[in-house]
Amino acid sequence: MVRDPFAGEDTPELQTVLDALGDQDCRTIIRELDKPMTASEISDASGVPLSTTYRKLELLSDASLLTESTEIRTDGQHTTRYTVDFDEVRVLLDEDRDFDVGIKRPERS
């Protein structure tokens, strides 16, 4: 299921973001994802096994750190491409001394 990148700009839970960023494979995927790529391309570029790549992409998407888009092909074999969807992640301590997460997103057209 492809997530709508513009639906609900809600910030994810702090723990979800920390879990994604705390994972070495997720960080490797983010470093390699300099353009929209398929899961297979990401796996090849990062050296993360494809089955693991799918799990990490889901973790990163749940944390709102990636967007998914569907590429429609004329042969009917549609594919999902992933793109990094943040410029900055900040962990904040609010006035009630609770932790919060802030995500700065790239400009969208």
Side-chain angles (χ1 to χ4, degrees):
M1 176 180 183
V2 176
R3 293 170 181 82
D4 181 354
F6 299 107
E9 291 292 327
D10 296 330
T11 302
E13 293 292 321
L14 171 66
Q15 193 59 53
T16 304
V17 175
L18 293 177
D19 289 345
L21 292 176
D23 185 284
Q24 180 61 46
D25 288 335
C26 287
R27 290 193 310 271
T28 299
I29 287 169
I30 290 169
R31 276 194 294 277
E32 293 297 330
L33 200 51
D34 59 350
K35 63 182 180 190
M37 297 170 78
T38 65
S40 181
E41 292 168 337
I42 293 167
S43 176
D44 290 344
S46 67
V48 176
L50 186 57
S51 60
T52 302
T53 297
Y54 280 112
R55 287 194 309 274
K56 302 307 178 176
L57 290 172
E58 184 172 349
L59 182 60
L60 288 162
S61 294
D62 288 346
S64 297
L65 300 175
L66 296 183
T67 56
E68 303 171 22
S69 60
T70 301
E71 180 180 294
I72 308 298
R73 297 180 179 173
T74 56
D75 64 3
Q77 298 296 317
H78 309 318
T79 189
T80 300
R81 293 199 174 271
Y82 298 87
T83 308
V84 172
D85 191 31
F86 71 96
D87 290 327
E88 180 178 295
V89 175
R90 291 170 280 130
V91 177
L92 311 165
L93 188 62
D94 67 17
E95 61 272 357
D96 295 326
R97 310 286 299 159
D98 291 323
F99 287 97
D100 197 10
V101 63
I103 299 176
K104 180 180 173 191
R105 308 246 180 234
E107 283 192 33
R108 296 186 175 151
S109 55

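Residue numbers count from 1 along this sequence.
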Test side chain to side chain contact (heavy atoms under 4.5 Å, CB included) applied to Val91 - qualifying residues, sequence neighbours left out:
Leu14, Leu18, Phe99
If you count every heavy atom of other residues, nucleotides or ligands that lies below 6.0 Å from Glu13 atom CD, does the total exceed 12?
no
Any chance you could measure Thr53, atom OG1, to Asp25, atom CG, to the nearest 0.5 Å?
7.5 Å
ILVMFWY network linking Phe86 to Leu92, side-chain heavy atoms under 4.5 angstrom:
no
Which residues satisfy the side-chain hydrogen bond (donor to acceptor under 3.5 Å, both in side chains) test with Thr83, sequence neighbours excluded?
none
Which heavy-atom pair separates Pro49 from Ser43 by the least distance, and what is that distance?
C-OG, 3.6 Å
Show the nearest heavy-atom pair for residues Pro36 and Glu41, with the distance to one decimal.
O-OE1, 4.3 Å
When every non-hydrogen atom of Val17 is compared with those of Pro12, the smallest separation belongs to CG2-CG, 3.4 Å
Shortest non-hydrogen pair, Met37 vs Ala45, comes out as CE-CB, 3.8 Å
For Asp98, is there any backbone N or O sitting under 3.5 Å from a side-chain donor or acceptor partner on Asp96?
no
Hey, does Leu21 have a side-chain heavy atom less than 4.5 Å from the side chain of Cys26?
no
Can you find a pair of side-chain heavy atoms, one from Leu66 and one from Leu33, that are under 4.5 Å apart?
yes
Ile42 and Val48: CA distance, side-chain angles, deciding distance, side chain to side chain contact (heavy atoms under 4.5 Å, CB included) verdict
CA-CA 8 Å; Ile42 293 167; Val48 176; over 6 Å; no
Can you tell me how far the CD atom of Glu58 sits from the CG atom of Asp62, to the nearest 0.5 Å?
5.0 Å
4.5 Å side-chain heavy-atom contact, Ile103 and Leu65:
yes
Say you draw a straight line from CD1 of Ile29 to CG of Leu57; how long is it, rounded to the nearest 0.5 Å?
5.0 Å
Between Leu60 and Ala20, what is the shortest heavy-atom contact and its length?
CD2-CB, 4.0 Å
Using every non-hydrogen atom in the two residues, find where Asp23 and Lys56 come nearest and quote the distance to one decimal.
OD2-NZ, 2.7 Å
Rounded to the nearest 0.5 Å, what separates atom CG in Asp85 from atom CD1 in Ile30?
11.0 Å
Matching residue for Ser46 among Arg31, Arg27, Glu32 - test: side chain to side chain contact (heavy atoms under 4.5 Å, CB included)
Glu32
